[in-house]
Each structure stands twice: as C-alpha cells, then as structure tokens.
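Structure first, then comments.
Because the structure is predicted, anything quoted here is derived from the model rather than measured.
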Amino acid sequence: MDVEKIFHMSEGVGKTSYAKNSSLQKKASDRVKHIIIQTIEELYIETSPKSFGIADLGCSSGPNTLSIIKDIYQTIQGISHKIKKYHCSEFRVYLNDLPTNDFNSIFKALPEFHLLLREDKKNGVPSIFMGGYPGSFYGRLFPNSYLHFVHSSYCLHWLSRVPSALYDEQGRSLNKGCVYISESSPKVVPQAYFKQFQEDFSLFLRSRSEELVESGRMVLLFLGRRGKEHADRGISVLWEILSRSFAILVSQGKVEQEKVDSYEVHFYAPSREEIEDEVSKEELLKLEKLEMCEIEKSEQGMDYSTKVAMAIRAIQESMISNHFGERILDSLFENYARLLQMEMAKEDIRPTTFVLVLRKI
C-alpha cells in the first residue's frame with residue numbers, strides 16, 4: 001500500500017470522524033501544554049521576530065490543531081503586551097499533512113477562528129496568515145531558515161511506509177496473524193520496524209534542522225514504549241487487540257486469513273534510548289527536554305473502551321477500508337471495544353507518550 005496516497009484520519013464531522021474522536025489526543029496535548037507555552041516564551045524573547053513562522057506537522061482534520069495555534073498566538077500576544085519592545089506584526093501558520101488529509105474541515109473553521117483571536121482586542125492585532133501545506137514531513141517541505149517553531153502531535157510514530165523486510169521473496173508476511181510487533185513475532189519483525197523508524201526519524205530531523213531559523217524550536221509529541229521489550233502493557237496491547245478482532249472475523253468467515261496476514265500497520269513505538277540516539281546524530285539540533293508521560297483515563301468500563309475503539313477506527317479506517325473494504329468496519333470495532341474492556345478488566349493499559357523539545361544551534 002502506498003501510505004502517502006491512502007492514509008488519512010477519517011474526514012468530516014460525523015460519528016466516526018477524527019474530529020469527533022480525537023479527545024484522547026487533545027487530553028494528552030493539554031497535559032503538556034505548559035511545555036509548549038514555555039518553549040514559545042523562551043523562543044520569542046530570544047529571537048523577537050516581526051514575522052513569526054509556525055508549522056503544525058500532521059495537523060489532521062479535527063479541532064486540535066487550531067487549539068494549539070490559538071495557544072501560541074495568545075502566548076506571544078501576552079509577551080508583546082507586557083514587554084513593549086517585543087512586537088510581532090504577523091504570524092505565518094502552515095498546516096501540514098498528507099495530500100489525502102481533509103483540509104476542508106479546517107478551512108471551514110477558519111473564519112470563526114479568526115474572529116475568536118480578535119475578540120476583545122483593540123487596534124494593533126497582528127495579522128495571521130494560515131494555509132494548508134500538503135506533503136509528507138519525511139523530507140523537505142519549506143525553504144531554508146523559514147520557520148521559528150515546529151509542532152507535531154501524535155504523528156511521528158507513523159512510518160512513511162510498511163517496512164518491506166516484513167515480507168519474504170514471494171511477498172508473504174513474516175508476521176502472520178499480527179498487525180504489529182507481538183510476543184510471537186520473529187526477530188526480523190522488530191528489526192525491520194526499527195530500521196524504518198531510524199530512516200524516517202533521521203530524515204525528519206535533518207529536514208527540520210534546515211528549515212528552522214537559528215535558535216528555532218520544535219516540540220514533538222508521539223507514542224513510544226517504556227523499555228527494551230516491544231510487547232508491553234502500552235500501545236502494543238492495543239495493536240494486539242486489533243489482531244484478535246480480525247481473528248474473530250476470520251473465524252466467522254467474514255475475512256480471509258490471507259488478507260489478515262498481509263495487513264501490517266506502518267507504526268513504531270520507539271524507546272527513549274532509540275530517540276536519543278537518532279537525535280544525537282543530527283549536529284544542528286540540541287535536545288533540550290525529553291519527558292515521558294502516561295495519560296490517566298477519566299472513564300471506566302465500556303464507555304472508555306468504546307471511546308478508544310472509535311479513536312483507533314478514526315485513525316485506521318482509511319487503511320483498513322483500502323485493504324479489506326468498508327463492510328467489516330462496524331463488526332471489527334464492536335469486537336475491538338469488547339475485547340479491550342475484557343483486557344482492561346485484567347490489568348490496566350497505559351500507553352507511553354514522549355515529549356521532545358529541540359533547538360536549532
């Protein structure tokens with residue numbers, strides 16, 4: 001599958017859309033908002049540009065991206081109000097995602113968003129220029145020294161492609177029955193995923209190091225794992241449950257086993273050490289902060305399981321529909337919610353999120 005041509009969050013604002021099922025990501029982002037605000041404050045006071053360039057990479061189609069932009073805008077406005085010598089006259093905001101992304105949902109929200117930014121403001125409000133910027137962030141997107149701040153939330157765990165080394169010479173999967181790394185996966189599977197992560201993440205860092213101005217910053221949030229083991233009580237369990245949900249459909253004759261065997265997710269949950277190692281190779285970037293957090297769930301039982309199932313569906317629907325067809329989606333994720341509830345009754349599942357702050361030197 002060509003990820004760049006197929007993968008996108010579920011569009012629109014309907015029941016199964018990403019816009020309606022991204023509250024878990026919003027909750028995680030809110031928890032680390034203070035890091036974003038502090039980084040913006042330090043960056044703005046240090047560089048004090050008249051025109052401030054911001055890119056949100058992997059903006060998707062929900063409300064979360066505009067919430068982040070509002071926080072950044074208001075933070076800089078607050079500094080300008082307190083310290084008169086700092087005055088930003090314009091903001092340039094680039095909303096990036098793959099060409100398949102539902103940019104129209106964001107564009108439709110922009111008129112109201114602009115009004116919100118100008119509420120209770122008198123003359124002298126900075127201009128804000130916003131636009132969609134389609135393309136893969138695994139490679140160059142912007143000119144040299146063009147951006148002051150780069151933000152990316154829950155995107156960099158997605159790989160540019162499914163690793164080709166997951167298949168033998170005949171194109172058969174070496175990870176049969178599993179959509180991701182599991183305890184039963186042969187050693188070649190985690191090795192293939194890790195190699196692809198190294199290739200992608202290093203390209204991302206190198207590209208951004210050229211696009212950032214001197215002293216520019218990045219704040220990156222993405223999923224990872226706590227230790228060396230790939231199969232843990234974090235995100236890997238959620239992929240294991242998806243594999244088991246497919247297995248139920250196979251047993252019911254709704255899906256062929258061969259179709260399941262040939263479906264793998266383009267995802268990797270790196271460890272702290274793997275992240276630090278890749279960052280250390282990029283000479284123009286300094287890692288100023290690397291924090292690890294787990295998001296507490298606020299609900300229990302089937303309500304929470306259904307919310308997680310709907311979130312996974314909103315993320316994976318485009319890829320699953322392309323491979324299996326749309327007809328299986330409802331039954332697949334009904335199974336998923338039920339299996340997740342049963343799994344969480346045994347032991348809690350706590351996905352790990354990493355927060356990175358990087359500075360161009």
Side-chain angles (χ1 to χ4, degrees), residues 9 12-13 17-83 86-97 101-133 137 142 146-155 212 216-222 295 353 355-357:
M9 304 297 106
V13 292
S17 68
Y18 183 79
K20 294 292 186 184
N21 294 284
S22 55
S23 61
L24 295 174
Q25 292 92 324
K26 177 65 164 63
K27 182 179 179 181
S29 183
D30 285 346
R31 180 170 174 178
V32 300
K33 186 168 73 171
H34 66 283
I35 295 176
I36 298 173
I37 299 302
Q38 180 183 355
T39 303
I40 287 292
E41 289 175 341
E42 294 172 355
L43 166 64
Y44 184 60
I45 290 174
E46 184 176 343
T47 60
S48 59
K50 299 299 182 184
S51 177
F52 195 83
I54 305 166
D56 188 16
L57 306 185
C59 64
S60 191
S61 56
N64 294 351
T65 185
L66 296 183
S67 177
I68 290 294
I69 299 304
K70 178 173 70 70
D71 291 337
I72 295 171
Y73 182 90
Q74 291 178 340
T75 298
I76 292 178
Q77 279 292 85
I79 296 173
S80 298
H81 181 71
K82 292 177 182 176
I83 310 174
Y86 298 115
H87 177 67
C88 183
S89 59
E90 66 178 29
F91 288 80
R92 295 173 283 111
V93 180
Y94 306 96
L95 304 176
N96 158 263
D97 214 308
N101 184 57
D102 180 17
F103 284 102
N104 281 338
S105 290
I106 303 175
F107 296 158
K108 289 175 183 177
L110 288 183
E112 184 178 346
F113 178 70
H114 280 281
L115 289 174
L116 176 65
L117 294 183
R118 284 158 173 74
E119 279 184 358
D120 303 321
K121 302 290 183 183
K122 298 180 181 179
N123 294 332
V125 175
S127 301
I128 180 165
F129 303 99
M130 303 181 68
Y133 215 88
F137 50 53
F142 304 97
Y146 195 67
L147 301 170
H148 296 87
F149 183 72
V150 171
H151 172 264
S152 182
S153 180
Y154 289 99
C155 299
L212 282 167
R217 307 289 207 282
M218 286 196 286
V219 175
L220 313 174
L221 284 74
F222 53 94
I295 308 304
T353 292
V355 186
L356 283 69
V357 179

Which pair of heavy atoms, one from [X] and one from [Y], lies closest together, and at what distance?
X	Y	value
Gln25	Asn21	OE1-O, 4.0 Å
Ala19	Pro63	O-CD, 3.9 Å
Leu212	Arg217	CD2-O, 3.8 Å
Tyr73	Pro126	OH-O, 3.4 Å
Glu90	Ser51	OE2-OG, 2.8 Å

Over 12 foreign heavy atoms within 6.0 Å of NE2, His81: no
Salt bridge (charged side-chain N to carboxylate O under 4.0 Å, His left out) involving Lys70 - partner list, sequence neighbours excluded: none
Pairing residues for Glu42 by the salt bridge (charged side-chain N to carboxylate O under 4.0 Å, His left out) criterion, not counting sequence neighbours: none
All pairs passing side chain to side chain donor-acceptor pair (under 3.5 Å) where residues 58-68 contributes a residue, at least two apart: Asp56-Thr65
Do [X] and [Y] have side chains that get closer than 4.5 Å, going by heavy atoms?
X	Y	answer
Thr353	Tyr154	yes
Ile128	Ile69	yes
Ile106	Leu95	yes
Ile76	Phe91	yes
Tyr133	Cys59	no

Any donor-acceptor pair under 3.5 Å from [X] side chain to [Y] backbone:
X	Y	result
Thr75	Ile37	no
Ser22	Tyr18	yes
Ser153	Leu221	no

Got a sec, which residues hit ring pair (Phe, Tyr, Trp, His ring centres under 6.0 Å) with [X], two or more places apart in sequence or on another chain?
X	value
His148	Phe52
Tyr146	Tyr94
Phe149	none

Let me confirm one number: the [atom1]-[atom2] distance from [X] to [Y], rounded to the nearest 0.5 Å.
X	Y	atom1	atom2	value
Asp97	Cys155	CG	SG	6.5 Å
Ile36	Asp71	CD1	CG	7.5 Å
Asp30	Lys26	CG	NZ	3.0 Å
Ser48	Leu43	OG	CG	10.0 Å
Arg118	Phe113	CZ	CZ	9.5 Å
Cys88	Gln77	SG	CD	8.0 Å

Audit row: Leu110, Leu66, side chain to side chain contact (heavy atoms under 4.5 Å, CB included) steps and yes/no: CA-CA 9 Å; Leu110 288 183; Leu66 296 183; 4.0 Å; yes
Residues Leu356, Met218; criterion side chain to side chain contact (heavy atoms under 4.5 Å, CB included); working and verdict: CA-CA 8 Å; Leu356 283 69; Met218 286 196 286; over 6 Å; no
Side chain to side chain contact (heavy atoms under 4.5 Å, CB included) between Ile54 and Ile72, worked out: CA-CA 9 Å; Ile54 305 166; Ile72 295 171; 3.6 Å; yes
Trace of the side chain to side chain contact (heavy atoms under 4.5 Å, CB included) decision for Tyr44 with Ser80: CA-CA 10 Å; Tyr44 184 60; Ser80 298; 3.3 Å; yes
